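Keep in mind it's a predicted model, so treat the numbers as computed, not measured. Every chain is numbered from 1, with letters handed out A, B, ... down the list of sequences.
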Protein chains: 2
Amino acid sequence: MPINSFVDYPMSWKPDRDALKRPLYLSLALLLEHDIASGYLAPSTKLPPQRELADFLDVNFTTITRAYKLCELKGLIYAVTGSGTFVSPNAARSITISKDKISSECVELGFVASFEQTNPIVALAAKRVMEKSYLEQLLDYNDPTGKPHHKIAGLNWMRAFGIDADIENMAIVSGAQNALAITLLALFEPGNRIAVDIYTYANFIEISKMFRIQLVPIPGDECGMLPNELDNQCLQLEVHGVFLMPSCSNPTTVVVSKNRKKELAAVIRKRNLILIEDDIYAFLTAGFNADYDQPMFQLIPEQTVYICSTSKSVCSGLRVAYIVFGENFKERMIKAVFNINVKTSSLDAEIITELILSGKANEVVEEKKQLAQSANHIFSEFFPLSFHTGHPLSFYRWLPISDNGDGSRMESYFLNKGIRVFHSDRFLSGASTQDKFLRIALASTNSLEELKRGLEILKENLRDLNMYDIP
Amino acid sequence: MPINSFVDYPMSWKPDRDALKRPLYLSLALLLEHDIASGYLAPSTKLPPQRELADFLDVNFTTITRAYKLCELKGLIYAVTGSGTFVSPNAARSITISKDKISSECVELGFVASFEQTNPIVALAAKRVMEKSYLEQLLDYNDPTGKPHHKIAGLNWMRAFGIDADIENMAIVSGAQNALAITLLALFEPGNRIAVDIYTYANFIEISKMFRIQLVPIPGDECGMLPNELDNQCLQLEVHGVFLMPSCSNPTTVVVSKNRKKELAAVIRKRNLILIEDDIYAFLTAGFNADYDQPMFQLIPEQTVYICSTSKSVCSGLRVAYIVFGENFKERMIKAVFNINVKTSSLDAEIITELILSGKANEVVEEKKQLAQSANHIFSEFFPLSFHTGHPLSFYRWLPISDNGDGSRMESYFLNKGIRVFHSDRFLSGASTQDKFLRIALASTNSLEELKRGLEILKENLRDLNMYDIP
DNA sequence: GGATTTGTAGTTCGACATTTT
DNA sequence: CAAAATGTCGAACTACAAATC
């Protein structure tokens with residue numbers, strides 16, 4: 001195609017030449033950002049190639065590179081060498097998932113909570129903590145990375161998952177999300193790249209955007225991310241890290257197999273990547289899954305930040321997570337903990353510690369597992385997916401649908417029908433795919449009865465929309 | 001001076017030509033970083049001008065610009081157009097201030113705590129909270145920016161300082177440092193500039209470094225930052241924000257006067273800056289200082305993030321701070337709260353709320369003020385500085401010393417003598433100054449007796465060193 | 001106060017790698 | 001498998017702004 005073809009084949013985006021001010025690259029980036037935000041450029045639209053747009057605007061093509069790069073860092077577009085530059089699937093809206101207020105009529109199948117029915121046990125432990133003679137010592141600035149006895153309890157807790165570490169190599173922080181923020185700030189720089197599953201934790205996508213870290217989507221199979229694909233991407237781009245949730249990937253429910261962990265660890269070692277291992281669902285997998293051996297941290301401790309939150313396993317409202325890291329990350333991690341938190345409330349940590357040491361935490365876990373089993377059973381009755389290979393106790397399910405429409409419109413549709421669900425578009429780390437899914441939270445209703453009501457609505461509407469064609 | 005003068009007048013830094021790999025700019029930056037970290041290039045060393053070094057290495061001078069820029073973003077060096085490029089005073093070490101373990105023999109006059117003697121009152125409130133019938137509701141994922149009744153209590157609390165806002169325009173986060181991290185992530189980008197006092201909060205310097213935000217030091221007088229100087233800097237550079245602690249600047253104890261607030265607000269409005277108003281010491285100033293009127297937030301609400309932590313006023317171990325922001329920052333701020341915290345423990349917020357609503361928080365404040373008055377009185381007996389113009393109840397004092405040595409060596413010296421103090425170098429936002437100080441924490445000893453012991457050691461040693469020549 | 005020194009910022013150039021055709 | 005399309009990255013060029021002398 002000749003370079004001047006834009007007369008015959010109109011470019012998908014023709015910025016107004018006269019609207020451009022100097023500096024050109026900035027002005028151009030702002031124009032592009034505006035046209036994406038306003039919806040004028042729809043997700044997945046292919047933008048003009050750098051050279052073509054440069055020719056049209058009569059500037060050097062690397063000026064376009066710069067403008068595109070700015071927008072790419074903001075997560076608005078993504079570029080593939082050889083193919084072109086495209087508007088991101090999630091460009092126009094925030095995909096942050098949090099417990100927003102929704103109508104109380106509405107059944108929550110979107111945000112994943114953690115069977116809050118077990119909280120009375122936690123409340124009891126909180127009361128016991130208040131009887132402690134050393135209560136006042138929990139109220140000062142000391143021990144910013146956590147009181148020693150809190151850390152030891154944490155190590156005890158994680159030993160069940162196979163973690164073997166020293167209290168010097170860990171810190172207590174305010175939940176998994178907080179741990180991710182600390183890790184990204186401590187070990188990565190703006191412009192760095194982190195490899196992730198094609199569908200990955202939506203809040204990780206969002207926080208990466210905020211920190212200007214680019215995600216590199218890596219294909220996977222039913223055993224997790226494919227080591228070869230990871231290795232290939234590292235050859236092609238400079239990749240600095242990998243983010244994985246091996247015990248139960250969010251949103252796909254994939255469990256990384258023992259062998260796959262070893263293969264992935266080998267690539268990570270070879271390519272000298274930093275592994276962020278979010279093992280929030282370790283309690284569901286260790287001791288349950290026959291194939292489970294140990295976290296990846298144990299395979300490559302010097303290159304791993306292991307994150308173990310108690311918000312799914314014990315209690316979501318007490319913001320306590322453990323971070324475990326190798327010696328070479330220690331200084332940077334601890335500095336980031338200071339800079340983001342100063343410290344985490346020792347009171348919350350004390351309650352979790354009390355639960356762990358008294359054995360009540362295990363009771364809670366058992367009860368949550370029971371509830372998860374029941375919930376998954378209910379789900380399977382509504383949607384008997386013969387090919388479900390994910391975690392059998394997952395707190396959410398990944399439901400394939402046939403759909404070509406807009407993800408957010410679909411979510412609104414269901415919201416109107418009385419249930420909240422999340423469309424797979426929210427979880428896309430890169431380009432759009434053919435296959436579409438809904439993530440259905442099983443752990444967020446007040447009762448299993450309510451869950452059934454929600455799934456009933458879901459099934460009916462999927463039938464009506466002709467989107468669920470599996471028997 | 002001819003360009004080739006490096007033969008006659010040796011350059012302060014002559015990187016090994018052969019050690020350079022491609023990419024040149026990166027390799028050069030790493031070399032420079034190494035030579036600074038190793039101490040080979042001492043703080044305040046003037047580096048060769050870009051063109052001179054370029055000539056020496058036979059590359060274009062903008063390649064040097066790039067290498068220098070990289071190091072500047074890391075806070076290792078700073079550049080002044082017309083004057084040259086210099087190694088930062090704090091380049092080689094981290095200045096993060098946190099409550100590290102120090103020998104129990106040692107008197108803590110470095111880290112500023114908050115008269116932890118009042119914590120029994122807080123412990124009582126914690127116990128009362130556990131009796132609440134709605135305890136379990138504090139343990140779930142709901143209300144990520146804070147429960148409505150917690151927010152209302154926060155607004156009540158801040159009303160005493162002159163804050164008038166809506167619960168929609170605030171969030172509860174985990175302490176002031178956490179609030180700063182959230183604000184920087186939400187409203188600034190890497191490479192942005194924030195104006196600060198020449199001596200400013202050390203942890204703000206550190207966190208800005210981590211977020212790759214550059215600080216622009218602005219001179220001030222006994223009423224705070226000078227509006228003209230701020231205005232001038234905005235003319236010269238693109239400045240995006242200002243960081244101020246108007247009620248009692250850390251470390252200088254300067255209180256920004258009513259009029260100065262207005263003048264500064266005018267410049268901030270004119271230059272369209274974002275004001276980060278860290279008002280952690282509002283409780284010491286509002287209702288005490290006759291000149292006090294209201295926070296700067298009230299003057300320019302649409303351009304301000306107001307941060308009000310309870311860790312100095314009520315309890316340091318409960319990590320609770322309120323952030324108040326205008327409508328145009330709301331969306332970005334709330335998103336950042338999700339991405340860094342998900343939420344702050346409602347249990348901690350409930351205890352603070354209980355303290356506020358029961359009036360006990362005010363009791364705590366009164367007790368801390370009493371202690372602060374006594375501590376300041378003791379300090380003045382040891383060091384009768386006639387010219388002390390700062391806050392009379394400040395939790396720390398800013399002691400001028402005559403010294404030309406290395407700040408960290410001086411700190412070690414005192415540590416060996418049995419006290420921890422912080423040298424003014426830690427608080428430098430830019431180039432070194434002539435005047436040197438020590439920041440002496442008054443609120444961190446277990447008793448006023450211990451404070452006296454510490455000040456005794458301090459005074460003796462300053463005399464021995466001939467650094468304290470004021471009667 | 002004008003020339004010089006020094007740093008900043010936007011743009012262009014060229015070599016190169018990958019993907020598509 | 002070669003050619004074309006497309007994006008990436010390091011380096012150079014140029015205009016300019018501020019500080020110094």
Side-chain angles (χ1 to χ4, degrees), chain A residues 1-6 9 11-12 20-30 46-55 57-73 77-86 191 193 214 216 232-239 431, chain B residues 1-6 9 11-12 20-30 46-55 57-73 77-86 191 193 214 216 232-239 431:
Chain A
M1 182 165 31
I3 272 192
N4 275 315
S5 68
F6 53 80
Y9 306 89
M11 293 188 296
S12 60
L20 286 183
K21 294 183 189 60
R22 316 217 84 175
L24 297 168
Y25 81 100
L26 235 179
S27 164
L28 193 61
L30 288 174
K46 182 180 192 302
L47 293 173
Q50 297 176 352
R51 284 168 179 83
E52 197 173 328
L53 184 56
D55 196 53
L57 294 174
D58 202 23
V59 297
N60 184 279
F61 77 95
T62 55
T63 302
I64 311 294
T65 310
R66 258 189 104 177
Y68 277 9
K69 192 91 234 157
L70 259 185
C71 289
E72 188 171 9
L73 276 176
I77 61 177
Y78 63 93
V80 186
T81 303
S83 312
T85 307
F86 306 84
R193 295 193 189 85
Q214 291 188 59
V216 182
N232 283 338
Q233 278 293 349
C234 292
L235 262 175
Q236 290 163 23
L237 305 158
E238 197 185 355
V239 176
Chain B
M1 183 170 21
I3 273 192
N4 275 315
S5 67
F6 52 81
Y9 307 89
M11 293 189 294
S12 60
L20 286 184
K21 295 182 189 59
R22 316 216 84 177
L24 296 169
Y25 81 100
L26 234 178
S27 163
L28 193 61
L30 288 174
K46 182 178 192 302
L47 293 173
Q50 299 177 351
R51 285 167 179 82
E52 196 172 329
L53 184 55
D55 196 54
L57 294 173
D58 201 24
V59 296
N60 184 278
F61 79 95
T62 54
T63 303
I64 311 294
T65 310
R66 262 187 101 177
Y68 278 8
K69 195 87 228 158
L70 260 184
C71 290
E72 188 172 9
L73 277 176
I77 61 179
Y78 63 93
V80 187
T81 304
S83 313
T85 307
F86 306 84
R193 295 193 190 85
Q214 292 188 56
V216 183
N232 283 338
Q233 278 294 347
C234 293
L235 262 175
Q236 290 163 24
L237 305 157
E238 195 185 356
V239 176

What protein N or O atoms touch nucleotides 13-15 of chain C N or O atoms at under 3.5 angstrom, if any, and at what distances?
{"from": "C:dC13", "atom 1": "OP2", "to": "A:Asn60", "atom 2": "ND2", "distance (Å)": "3.3"}
{"from": "C:dC13", "atom 1": "N4", "to": "A:Thr62", "atom 2": "OG1", "distance (Å)": "3.1"}

Please tabulate the protein-to-nucleotide N/O contacts below 3.5 Å involving nucleotides 1-3 of chain C, giving atom names and distances.
none

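At whole-Å resolution of the value, CG in A:Leu26 and P in C:dG10 are 7 Å apart. In this structure, CZ of B:Arg66 is placed 16 Å from C1' of C:dG7, rounded to the nearest angstrom. What separates CG of B:Asp58 from P of D:dG10 is a distance of 20 Å, to the nearest Å. When the P atom of C:dA9 is taken as reference, atom OH of B:Tyr68 falls 17 Å away, rounded to whole Å. In this entry the distance linking CD1 of A:Ile77 with C1' of D:dT6 reads 14 Å, nearest Å. In this structure, the CD atom of A:Glu72 is 10 Å from the P atom of D:dG7, given to the nearest Å. The separation between B:Leu24 atom CG and D:dC9 atom C1' is 13 Å, rounded to whole Å. With rounding to whole Å, A:Lys69 atom NZ is found 10 Å from D:dC9 atom C1'.
OP1 or OP2 of D:dT8 has at least one side-chain nitrogen or oxygen of A:Gln50 nearer than 4.0 Å. Checking the phosphate oxygens (OP1, OP2) of D:dG7, a side-chain nitrogen or oxygen of A:Thr85 falls inside 4.0 Å. Using a 4.0 Å cut-off, some side-chain N or O of A:Thr63 falls inside it from OP1 or OP2 of C:dT12.
For A:Thr63, there are no side chain to side chain donor-acceptor pair (under 3.5 Å) partners two or more places apart in sequence or in a different chain. Partners of A:Gln214 according to the side chain to side chain donor-acceptor pair (under 3.5 Å) rule, which considers only residues two or more places apart in sequence or in another chain, do not exist here. Residues satisfying the side chain to side chain contact (heavy atoms under 4.5 Å, CB included) test with B:Thr81, not counting sequence neighbours, are none. Partners of B:Pro49 under the side chain to side chain contact (heavy atoms under 4.5 Å, CB included) rule, at least two apart in sequence or in another chain, are B:Lys46, B:Glu52. Under the side chain to side chain donor-acceptor pair (under 3.5 Å) criterion, B:Gln50 pairs with B:Thr65, sequence neighbours left out. Residues passing the ring pair (Phe, Tyr, Trp, His ring centres under 6.0 Å) test with B:Tyr25, sequence neighbours excluded: none. With sequence neighbours excluded, no residue forms a ring pair (Phe, Tyr, Trp, His ring centres under 6.0 Å) with A:Phe61. The side chain to side chain donor-acceptor pair (under 3.5 Å) check on A:Glu72 picks up A:Lys69, with sequence neighbours excluded.
The SG atom of B:Cys71 sits 15.0 Å away from the OH atom of B:Tyr78 when rounded to the nearest 0.5 Å.
Nucleic acid contact for B:Thr65: base, since at least one base atom lies under 4.0 Å from a heavy atom of the residue.
Listed for the A:Ser27 side chain is a donor-acceptor partner under 3.5 Å among the backbone atoms of A:Lys21.
Contact of the B:Leu57 side chain with the B:Leu28 side chain is registered, since non-hydrogen atoms from C-beta on lie closer than 4.5 Å.
Nearest to the side chain of B:Val59, among C:dT8, D:dA12, C:dT11, sits D:dA12. Picking from D:dT8, D:dA18, D:dG10 the nucleotide with the shortest atom distance to the side chain of B:Thr81 gives D:dA18.
Contact record, B:Val239 with B:Gln233: CG2-O, 4.1 Å, taken as the closest heavy-atom pair.
If one axis is set at each end of the helix from C:dG2-D:dC21 to C:dT21-D:dA2 from five pairs, those axes are 10° apart, to 10°.
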